[in-house]
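Heads up, the thing below is written out as structure tokens.
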Protein chains: 2
Amino acid sequence: MPRHADPTLPARRRAQILEAARACFQARGFRETTVEEICAEARVSPGALYRYFDAKADIIAAIALDARAEAEAAFQELEAGDALVDALAEMARAYFAAFEGAEAAFLTDIWAEAVRDPGLARAMARRDEAARAQLAAAIARAARAGAVYPALSPEDAAETLLAALEGFARRRGLHAAHGEAARLYRSLALHVLKPKR
Amino acid sequence: MPRHADPTLPARRRAQILEAARACFQARGFRETTVEEICAEARVSPGALYRYFDAKADIIAAIALDARAEAEAAFQELEAGDALVDALAEMARAYFAAFEGAEAAFLTDIWAEAVRDPGLARAMARRDEAARAQLAAAIARAARAGAVYPALSPEDAAETLLAALEGFARRRGLHAAHGEAARLYRSLALHVLKPKR
DNA sequence: ACCTGAACACCGTTCAAGT
DNA sequence: ACCTGAACACCGTTCAAGT
């Protein structure tokens, strides 16, 4: 019998619960899935789940922050050259694809939670600012290279592009039929960034 | 004792419940307010409330559709001349103001509900298409008058401007400090619409 | 025809008890 | 130290009974 517990256990349990929750949310959405269902999927008792998360909302918060971290990494790799607009368009395509169908609910659920939960809002705002700074830096680099002539300051252009990205993502869920969102996003980027050709 | 009930009663009761619900949602948000609280505010019993609405979600749906109808009317009055960009900017300012603070939760709550409730989604999509058509028509009028030279087709420009409008509105809730959303929105409209001066 | 309010079903969370 | 699962509190919804 060990004097100290396995120090990797907590992290493993958290991951196990998050994985189960992700599967449930994807299948049925945040509101629709029950803590009991997450427990069944993760094969733990409710008591165990509440040892690792203070509330059901904390689970979706953790998943949301993971997703933001990925987006941040993607922004960091943006090229400085002519390809900026195309890279942005590709990123938008990936973003829209990631929030297709059942995942669209996930996006709006997180937004709705963030408005209510100041802790989640702060955490998301921090991530968001990082992502926006990355994007602004990429725009500034491209501008210095003479590849684009942004209509706005790099910071303002970045904020505008992010706002439009999220707006298109949400509206895609509303009327998928008109979902040429990726094409429209490219046009928007083109006219806000004005590349040299 | 009347043979037939007052025919205006149902409409009055509905309005009475909606008004009470609006007050509660504004104060505490959709999730946080209880049907019991709405009943107390409206001075009806739960049984009476469920006579006029099938579910709590139906109440927020009714309020959402009212709000959309107002937006639609605003779009219809857009001028054809040079003032289009300024009119859009003013509308954006009003939109952002309407969804300030507690109301931001309302916006995201409705979005989250719409993703889950196909009926609400359809109803909102219908309203949205009407609003977008109005905006596209205003852009086309301004273009014919030579006041603007849209970078995209009027329809695409309208969709882009709506997506950005909603995106900015949502992000304003996230980091109100950076909320120069109205100014940014004006710049965006400017570069998508390219007015003649 | 319209309403009341007690009762029901369900679900997030806790906690005494176990190992 | 970590877990179980029964119990609790709460809230959306229903329905038998009233007028």
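Proteins come first, then strands; the chains are lettered A, B, ... in the order of their sequence lines, and each starts at number 1.
Against DNA chain C, the stretch residues 50-66 of chain B makes heavy-atom approaches under 4.0 Å through Arg51(B), Tyr52(B).
Secondary-structure stems of DNA chain D, taken as three or more successive Watson-Crick or G-U wobble pairs (i with j, i+1 with j-1) under a 3.5 Å distance threshold, comprise C:4-8 with D:12-16, C:12-16 with D:4-8.
Taking only side-chain atoms of Thr34(A), from C-beta outward, the nucleotide of dT14(C), dG12(C), dC3(D) with the closest atom is dG12(C). Minimum atom distance to the side chain of Ser45(A) is reached by dT4(D), of the listed dC2(D), dC11(C), dT4(D). Of the listed nucleotides (dG12(D), dC2(D), dC3(C)), dC2(D) has the atom at the smallest distance from the side chain of Pro10(A).
Under 4.0 angstrom from either OP1 or OP2 of dC3(D) there lies at least one side-chain N or O belonging to Arg13(A).
Projected onto DNA chain C by closest heavy-atom contact, Gly47(A) and Phe30(A) fall at different nucleotides, the more 5' of which corresponds to Phe30(A). In terms of position along DNA chain C, the nucleotide closest to Glu32(A) lies nearer the 5' end than the nucleotide closest to the other residue of the pair Ala48(A) and Glu32(A).
Rounded to the nearest 0.5 angstrom, Leu88(A) CG and Leu135(A) CG are separated by 6.0 Å. With rounding to the nearest 0.5 Å, the separation of OG1 in Thr108(A) from CD in Glu113(A) is 11.0 Å. Between the CZ atom of Arg132(B) and the OG1 atom of Thr160(B) there is a distance of 10.5 Å, given to the nearest 0.5 Å. The CZ atom of Arg141(B) sits 8.0 Å away from the CZ atom of Arg144(B) when rounded to the nearest 0.5 Å. One finds the OH atom of Tyr95(A) at 4.5 Å from the CD atom of Glu166(A) (value rounded to the nearest 0.5 Å).
A salt bridge links Glu19(A) to Arg22(A): at least one charged side-chain nitrogen sits closer than 4.0 Å to a carboxylate oxygen. Salt bridge annotation for Arg126(B)-Glu129(B): absent, with no cationic side-chain nitrogen under 4.0 angstrom from a carboxylate oxygen.
In this structure, Glu36(B) places its CD atom 9 Å from P of dG12(D), rounding to the nearest Å. Protein atom CZ of Arg28(A) is 14 Å distant from nucleotide atom C1' of dC11(C), rounded to whole Å. Separating the CG atom of Leu49(A) from the P atom of dC2(D) is a distance of 15 Å, rounded to the nearest angstrom.
Summarising the local packing, CZ of Arg43(A) is surrounded by 12 or fewer heavy atoms from other residues, nucleotides or ligands at distances under 6.0 Å.
For the pair Ala62(A) and Phe53(A), the tightest heavy-atom approach, listed with the atom from each and the gap, is CB-CE2, 4.3 Å.
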